[in-house]
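First comes the structure, then the notes that go with it.
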Amino acid sequence: MSGRQKIYKKNSRLSIAFFILLLVIGIAFTSVNLFNDVSDAGALYTSYVPFLLLGLALLIALGFEFVNGFHDTANAVATVIYTNSLSPMVAVVWSGFFNFLGVLLSSGVVAFGIISLLPVELILQAGTGSGFAMVYALLFSAIIWNLGTWWLGLPASSSHTLIGSIIGVGVANALIHGRNGTSGVDWDQAVKIGYSLLLSPVIGFVFAALLLLVLKALVKNRELYSAPEGNTPAPLWIRCLLILTCTGVSFAHGSNDGQKGMGLIMLILVGTMPIAYALNRSMPPEQIPRVSALAMVTQQDLLRQFPIDGAHPATRDVLTGYVQTRTLTPAVIPALADLIGTIGTELKQYGSVSNIPTQSVSNTRNDMYLASETIKRVKAETQLNLSQDSQRNLAALKNELDGATRFIPFWVKVVVAIALGLGTMVGWRRIVVTVGEKIGKTHLTYAQGASAELVAMATIGAADVFGLPVSTTHVLSSGIAGTMAANRSGLQMSTLRNLLMAWVLTLPASILLSAGLYWIFNHF
């Protein structure tokens, strides 16, 4: 059986049974943990509507991760399959397992970095009709574009798609409320993420090409620079190298891309079950007095530097307006001090997150989130000339507030990991064929596969450390193109044009798609 026939070989009954088993385990695990969390929070629901909304939203969010798995992770297995280092099914299961581990061990920084692109008023209204319209618009637009590009065999970027969807929702929300569309997105964060998405393919191309040239200069073993003949396995040491790089890319992909689904799921959980998920109930009770005392000290310090002068508008309106418009007015710092003081008083009164009354949980969470976002903006305002003590106190308080509002339960990581791993096992073939056969004019050599994957692994891992999303698809595809250019193997320009077209169109297409869906959902 040829290598190409192996790729198109039907899945065995055992693999199908394994897939179904993991699917059932994931659904059961999610249901049990949801029930336990809601029960432990003491929530009493007289209607099943919140559970139905939650279940539907969770299924769609996990569907996004599932599509992400078979759309993006195929890039990790393409090189080991086309160099005969692993058989297709073994490679896919292996990659799926290390995607699973990558998600479980991820930090969550990327998840909340992406979520912070959303308009703050929508995050504060996660449980309202606008909040649900936001979540459904994000998920449907991302899934539709990912499925469309997958069907055409185009390695488009799930990261680009999701970020475009978020920008579309933000712009549409601002226009619906009569504001300038540009005010609906945190453009500082968007530019930061945009640079990472823009530069990562360039890094992949250049550094993979350079690595291949360095290998040629330092390692003279000809086997490394040859393509596999038929179904002949690669030499053992080369197979080990390629399997190692496939493992690294799979783990890094899980760690980076899996966090996107986590962030969306936390928005869903906060919106539908705030009593259980609005605040981190695992915070130790002994930590609360320290946070309360820090809030009080910070409030007094701010008021000492910026005393209240006459009557001011409502605190939350002032801060929400400031976060939206970035316009610093004399009322901002006193309003921030007032909100910080309110949070400190509440924490001191209740003594523990678990003791906060059901009807107050959402408001407390929103106050903490709004205070954290305001602190982030205020720290960048150089004209304020805040004292060193104020800056230290604000930074410490922001960390505490983020710990209370930006958390990911372990079971969420597990179900996202399962969804990503299952996606890896299902739809990998189309993208694998594009990456393995349609980028260069010659068959992928062992050295080319290793160079592209080593660079992809390092790039994605570095982005994860800095809390930035990158596209596994673009990094690896451009890495393979770079090795083909360095090897003078020739590039298939029709494929490169299609890849470039997908790269250029993904952002505007997902922005328009999500904006349109948000407008439609917002009316229903």
Side-chain angles (χ1 to χ4, degrees), residues 36-43 107-109 111-112 116 120 123-124 126 266 269-270 273-308 312 314-316 318-320 323 332-379 384 386-410 412:
N36 289 340
D37 286 350
V38 174
S39 299
D40 292 343
S107 64
V109 177
F112 294 110
S116 65
V120 68
I123 296 177
L124 299 181
M266 288 312 299
L269 292 174
V270 169
M273 297 289 174
I275 181 61
Y277 298 106
L279 293 173
N280 186 358
R281 300 173 63 84
S282 64
M283 286 184 70
E286 60 271 17
Q287 186 176 342
I288 301 302
R290 186 176 75 244
V291 180
S292 176
L294 178 60
M296 296 300 186
V297 169
T298 305
Q299 180 196 30
Q300 293 166 9
D301 192 34
L302 290 176
L303 290 177
R304 190 163 48 248
Q305 297 175 75
F306 301 90
I308 297 176
H312 284 283
T315 293
R316 292 169 184 82
V318 169
L319 298 183
T320 302
V323 171
V332 169
I333 300 301
L336 176 59
D338 181 48
L339 186 61
I340 289 172
T342 300
I343 293 169
T345 301
E346 287 183 352
L347 292 177
K348 184 178 181 180
Q349 176 185 349
Y350 299 123
S352 169
V353 171
S354 302
N355 293 336
I356 297 175
T358 304
Q359 64 273 18
S360 302
V361 167
S362 292
N363 287 336
T364 302
R365 187 253 179 195
N366 286 349
D367 285 350
M368 288 181 171
Y369 192 93
L370 183 57
S372 174
E373 288 296 299
T374 305
I375 291 171
K376 182 173 76 172
R377 302 279 189 275
V378 163
K379 288 177 64 182
L384 286 174
L386 290 171
S387 67
Q388 291 294 323
D389 286 342
S390 294
Q391 293 186 38
R392 280 194 297 269
N393 288 339
L394 286 171
L397 183 60
K398 185 181 186 306
N399 286 336
E400 298 289 357
L401 297 176
D402 288 347
T405 58
R406 306 186 185 202
F407 65 100
I408 300 173
F410 181 71
V412 171

Point to revise | Between CD on residue Gln300 and OG on residue Ser390, distance to nearest 0.5 Å | key: 11.5 Å

Check your understanding: Any donor-acceptor pair under 3.5 Å linking the side chain of Thr320 with the backbone of Arg316?
Key -> yes

Point to revise | Leu386 versus Leu302, closest heavy-atom pair with distance | key: CD2-CD2, 4.2 Å

Study note, to complete from the structure: Nearest heavy-atom contact between Tyr350 and Asn355 is O-ND2, 3.1 Å

Exercise for review: Return the minimal non-hydrogen interatomic distance between Leu401 and Ser372, and the atom names on each side.
Suggested key: CD1-N, 4.1 Å

Practice item. Sequence neighbours left out, what passes side chain to side chain donor-acceptor pair (under 3.5 Å) with Gln287? Give chain and number order. Key: Glu400

Review point. Which heavy-atom pair separates Pro409 from Met266 by the least distance, and what is that distance?
Key: CD-SD, 3.4 Å

Point to revise | side chain to side chain contact (heavy atoms under 4.5 Å, CB included) between Met368 and Leu279, intermediate numbers included | key: CA-CA 9 Å; Met368 288 181 171; Leu279 293 173; 3.8 Å; yes

Practice item. Find the distance between OG1 (Thr315) and CG (Leu339) and round it off to the nearest 0.5 Å. Key: 7.0 Å

Point to revise | Phe407 versus Tyr277, closest heavy-atom pair with distance | key: CZ-O, 3.3 Å

Study note, to complete from the structure: So CG of Leu394 and CG of Leu294: to nearest 0.5 Å the spacing works out to 9.0 Å

Point to revise | Separation between OG1 of Thr374 and CG of Leu319, rounded to the nearest 0.5 Å | key: 4.5 Å

Practice item. Take Asp301 and Ser387, measure what side chain to side chain contact (heavy atoms under 4.5 Å, CB included) needs, and give me the verdict at the end. Key: CA-CA 9 Å; Asp301 192 34; Ser387 67; 3.9 Å; yes

Study note, to complete from the structure: So CG of Leu269 and CG of Asp37: to nearest 0.5 Å the spacing works out to 8.5 Å

Revision key, fill the gap. Between the NZ atom in Lys398 and the CD atom in Glu373, the distance rounded to the nearest 0.5 Å is 6.5 Å

**Study point:** Check against side chain to side chain contact (heavy atoms under 4.5 Å, CB included), Leu370 and Asn366
**Key:** CA-CA 6 Å; Leu370 183 57; Asn366 286 349; over 6 Å; no

Exercise for review: Write down the atom of Val353, the atom of Arg281, and the distance for their closest heavy-atom approach.
Suggested key: CG1-CA, 4.1 Å

Contacts table for residues 340-349: side-chain donor-acceptor under 3.5 angstrom, sequence neighbours left out:
{"from": "Thr342", "atom 1": "OG1", "to": "Asp338", "atom 2": "O", "distance (Å)": "3.0"}
{"from": "Thr345", "atom 1": "OG1", "to": "Gly341", "atom 2": "O", "distance (Å)": "2.9"}
{"from": "Glu346", "atom 1": "OE1", "to": "Thr364", "atom 2": "OG1", "distance (Å)": "3.1"}

